Structure formats: structure tokens, C-alpha cells
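Below you'll find the structure, written out as C-alpha cells, and then a few comments.
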Amino acid sequence: MAEPPMVLAENVHKSYGRTEVLRGIDLAVERGEVMCVIGPSGSGKSTFLRCVNHLEKINGGRLSVDGRLIGYREKNGKLYELKEREIAAQRRQIGMVFQRFNLFPHMTALENVMEAPLKVRRQPRAKARVAARLLLERVGLADRASHYPSQLSGGQQQRVAIARALAMEPALMLFDEPTSALDPELVGEVLEVMKALARDGMTMVVVTHELGFAREVADTLVFMDEGVILEQGPPTQLLTHPTHPRLQEFLSKVF
């Protein structure tokens with residue numbers, strides 16, 4: 001029997017009041033795949049990402065990660081929301097990196113990376129420390145372990161945030177515009193870490209405006225606008241020969 005996709009969205013809807021932000025999203029992300037999602041501001045990209053780990057509740061449809069419904073259980077054809085601790089347990093396999101780094105300012109880089117394994121997984125401190133040092137080395141910050149966030153550049157803080165997400169050994173990584181808050185000269189160092197994760201086979205969904213990164217790293221490129229997917233496929237195909245007029249218009253403004 002074939003393994004289910006790592007992420008499966010089936011007719012996903014999300015509204016805020018009368019405003020429908022997601023209008024029937026159907027999407028599958030295979031294991032080891034890197035999917036980049038592009039589109040104008042307000043198209044629903046970040047909302048969809050937040051729905052994948054139930055930071056936002058969907059109003060219709062189904063979302064599964066690793067073959068399991070996220071945020072809900074099904075009984076007699078109806079969906080019932082899980083308890084908060086059950087949702088938290090599901091989120092442990094989903095790492096998320098936000099636009100803002102959200103590091104604990106009173107903790108060093110090492111302590112930030114250690115925190116979740118210590119508190120959530122009850123890892124012994126010595127084991128968590130060794131693992132955190134290896135992760136900081138992996139993101140090129142072995143020499144910044146004892147620095148506080150205020151002593152780090154934006155790019156370094158974002159790399160600590162990536163290491164912190166990896167500390168829970170997730171099966172899936174979600175990136176929500178991870179370079180949008182960075183000065184241009186710091187963008188490259190974060191993208192290099194993400195490229196290395198892709199080479200290592202990490203399943204990733206990346207909301208980004210970095211089209212060069214998407215072209216180089218993504219297996220699949222998705223273009224969203226006004227809460228729907230208008231086009232998806234290989235990045236080179238979409239970026240050089242877009243078929244949907246809205247994508248053609250979008251690319252003419254960003255290139």
C-alpha cells in the first residue's frame with residue numbers, strides 16, 4: 001500500500017467572518033518534496049500554512065499530515081476538534097519558521113534551541129545541549145551558541161529559529177516568508193540553510209517571494225490568488241511559460 005502524502009489538503013476553506021480567505025484548496029505534498037507557494041499579498045498563502053498545523057481552524061474540507069487529520073478526529077462521518085494537548089502532540093512533528101524570529105530574548109541561542117526538547121519532550125539536559133550544539137553547527141552558528149538574540153543579526157536570529165524548529169525532529173517544515181523581515185544582504189545566509197535542508201530530503205512547504213530560490217530548490221511551485229490555486233507545476237515551467245493570465249501579470253510586475 002502506497003504511503004499517503006506528507007500533506008494532503010482536500011477542498012479546504014477558511015473564513016474570517018464574511019471574508020473567505022481560502023476557497024477550496026486541493027493540494028498534495030509528497031514526502032521529501034519541496035513546495036514553494038507564491039502569490040500577491042492577501043492571496044491566502046500564509047493562512048493556508050497556518051492551517052496545516054492548526055494555528056488557524058479550517059471551516060470546511062480536510063487537512064492531513066502524514067496520513068492523519070490535523071486538529072480533528074472523524075466519527076460517523078463527522079469531524080470533532082481534538083483537545084489542545086492532542087493538537088500540541090500533532091504539532092511536534094511539524095516545524096514552523098515565521099517571518100519574525102520570536103526567539104526568547106532572555107535566552108542564549110543554545111538555550112533557545114534546547115527549550116522545546118527540554119520542556120516538551122522531557123529530554124535530559126545534557127542530551128538536549130549536545131543536540132542543540134549540533135543543530136547550531138548545522139545552520140552555521142556554532143560560534144554564536146552563547147550569544148543572546150540582541151547580539152545576533154536578523155539572519156543569524158532566523159537561522160537560530162530554524163535550528164529551534166529542527167530540534168523537535170519534525171517530519172515536515174513550514175516556512176512563512178522566512179526572509180521577508182531581513183535586510184537584503186542577510187537573505188542569502190538563510191536561504192543557504194534552507195537549500196541544505198532540501199538536499200537532506202526534508203519535506204518543506206515554503207511561502208516565499210524569493211523566485212530565484214523557488215526556481216532552484218522547489219520540486220513544485222504553486223501560485224495562489226484570492227484564496228485559490230490558479231496554477232501549479234515545475235518551477236521552471238511556471239516562471240518561464242505561465243499559462244494563467246493572472247500569473248503572467250504577477251510575474252511581469254516582479255521580474
Side-chain angles (χ1 to χ4, degrees), residues 5-7 9 22 25 27-56 63 65-66 70 90-103 112-113 116 135-136 138-141 152-184 186-224 229 232 235 238 254:
M6 182 59 76
V7 180
L22 299 177
I25 300 294
L27 202 63
V29 184
E30 301 299 332
R31 295 161 194 275
E33 181 179 2
V34 178
M35 179 177 285
C36 285
V37 185
I38 63 171
S41 297
S43 58
K45 309 183 300 295
S46 295
T47 298
F48 173 71
L49 215 60
R50 292 173 66 85
C51 288
V52 172
N53 63 3
H54 206 64
L55 288 175
E56 299 283 358
L63 255 174
V65 172
D66 203 11
I70 286 294
Q90 287 187 328
R91 287 195 188 118
R92 289 176 199 171
Q93 66 170 335
I94 306 171
M96 186 154 183
V97 179
F98 300 88
Q99 295 178 29
R100 295 289 171 182
F101 327 120
N102 299 322
L103 298 178
N112 265 282
V113 178
L135 284 169
L136 287 175
R138 188 175 177 184
V139 299
L141 291 173
L152 300 172
S153 70
Q156 290 169 338
Q157 289 184 63
Q158 191 62 295
R159 284 187 280 155
V160 174
I162 294 173
R164 181 177 60 179
L166 292 171
M168 292 297 287
E169 300 178 9
L172 168 69
M173 285 285 285
L174 308 175
F175 292 87
D176 186 10
E177 298 271 18
T179 60
S180 65
L182 300 178
D183 292 332
L186 302 177
V187 168
E189 63 192 54
V190 174
L191 294 182
E192 283 303 319
V193 170
M194 294 169 64
K195 289 175 187 177
L197 289 178
R199 288 193 296 270
D200 291 343
M202 174 64 74
T203 309
M204 297 160 59
V205 183
V206 185
V207 170
T208 185
H209 58 273
E210 300 288 344
L211 299 185
F213 171 82
R215 186 198 298 266
E216 182 181 347
V217 178
D219 299 295
T220 306
L221 187 63
V222 172
F223 175 67
M224 285 182 65
I229 294 172
Q232 68 180 79
L238 262 68
V254 297

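In this text the structure is predicted, and so the values were computed from the model without any measurement.
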Is Lys45 reaching over with its side chain to a backbone N or O of Gly39, donor-acceptor style, under 3.5 angstrom?
yes

If you look at every heavy atom in Ala161 and Val97, which pair is closest and at what distance?
O-CG2, 4.2 Å

If I compare all heavy atoms of Ser46 with all of Gln99, which pair ends up nearest, and what's the gap?
OG-NE2, 4.5 Å

Decide yes or no on side-chain hydrogen bond (donor to acceptor under 3.5 Å, both in side chains) for Thr220 and Glu33, but give the supporting numbers first.
CA-CA 8 Å; Thr220 306; Glu33 181 179 2; 2.4 Å; yes

Flag side-chain contact, heavy atom, 4.5 Å: Met6 against Ile94
no

Steps toward side chain to side chain contact (heavy atoms under 4.5 Å, CB included) verdict (Ile70, Val52)
CA-CA 7 Å; Ile70 286 294; Val52 172; 5.9 Å; no

Can you check whether Arg159 reaches Val190 side chain to side chain, under 4.5 Å on heavy atoms?
yes

Got a second to check how far Asp219's CG is from Met35's CE, nearest 0.5 Å?
9.0 Å

Between Phe213 and Cys36, the two heavy atoms sitting closest are CE2-SG, 4.0 Å

If we only count heavy atoms from C-beta on, is the Ile229 to Ile25 side-chain gap below 4.5 Å?
yes

If every non-hydrogen atom of Gly95 is compared with every non-hydrogen atom of Ala165, which pair is closest and at what distance?
CA-CB, 4.2 Å

Exam field: side chain Gln158 to backbone Pro178, donor-acceptor pair closer than 3.5 Å:
yes

Going from OG on Ser153 to CG on Leu186, what distance comes out if it is rounded to the nearest 0.5 angstrom?
5.0 Å

d(Gln157 CD, Leu103 CG) to nearest 0.5 Å is 5.5 Å

Close side-chain approach of Pro170 to Gln93, heavy-atom, < 4.5 Å
no

For Phe48, all residues meeting ring pair (Phe, Tyr, Trp, His ring centres under 6.0 Å), sequence neighbours excluded:
none

Could you go through Ile38 and Val222, starting from their C-alpha distance and side-chain angles, then the distance that decides it, and tell me whether this counts as side chain to side chain contact (heavy atoms under 4.5 Å, CB included)?
CA-CA 6 Å; Ile38 63 171; Val222 172; over 6 Å; no

With the side chain counted from C-beta on, respond yes when Arg50 and Leu174 share a heavy-atom pair under 4.5 Å apart, and no when they do not.
no

Does Arg92 CZ have over 12 foreign heavy atoms under 6.0 Å away?
yes

What's the verdict on side chain to side chain contact (heavy atoms under 4.5 Å, CB included) for Val37 and Phe223, showing C-alpha distance, side-chain angles and the deciding distance?
CA-CA 6 Å; Val37 185; Phe223 175 67; over 6 Å; no

Lys/Arg-Asp/Glu bridge criterion (N-O < 4.0 Å) met for Lys195, Asp200
no

Between Asp66 and Arg31, does any side-chain N to carboxylate O distance fall below 4.0 Å?
yes

Considering only heavy atoms from C-beta outward, does the side chain of Val34 approach that of Thr203 to under 4.5 Å?
no

Non-hydrogen atoms of Leu63 and Cys51 that approach each other most closely
CD1-O, 3.4 Å

Quick check for you: to the nearest 0.5 Å, what is the distance between Arg91 atom CZ and Leu55 atom CG?
5.0 Å

From the options Val205, Ile162, Val207, Thr208, select the one residue that forms a side-chain contact (heavy atoms from CB on, under 4.5 Å) with Phe175.
Ile162

When rounded to the nearest 0.5 angstrom, what distance separates CE in Met194 from CE in Met202?
11.5 Å

Nearest 0.5 angstrom please: Thr179 OG1 to Glu210 CD, how far?
4.0 Å

Could you please spell out the steps behind the side chain to side chain contact (heavy atoms under 4.5 Å, CB included) verdict for Val7 and Leu27?
CA-CA 8 Å; Val7 180; Leu27 202 63; over 6 Å; no

Between the side chains of His54 and Gln90, is a donor N or O closer than 3.5 angstrom to an acceptor N or O?
no

Could you tell me whether the side chain of Leu166 reaches within less than 4.5 Å of the side chain of Met173, counting heavy atoms only?
yes

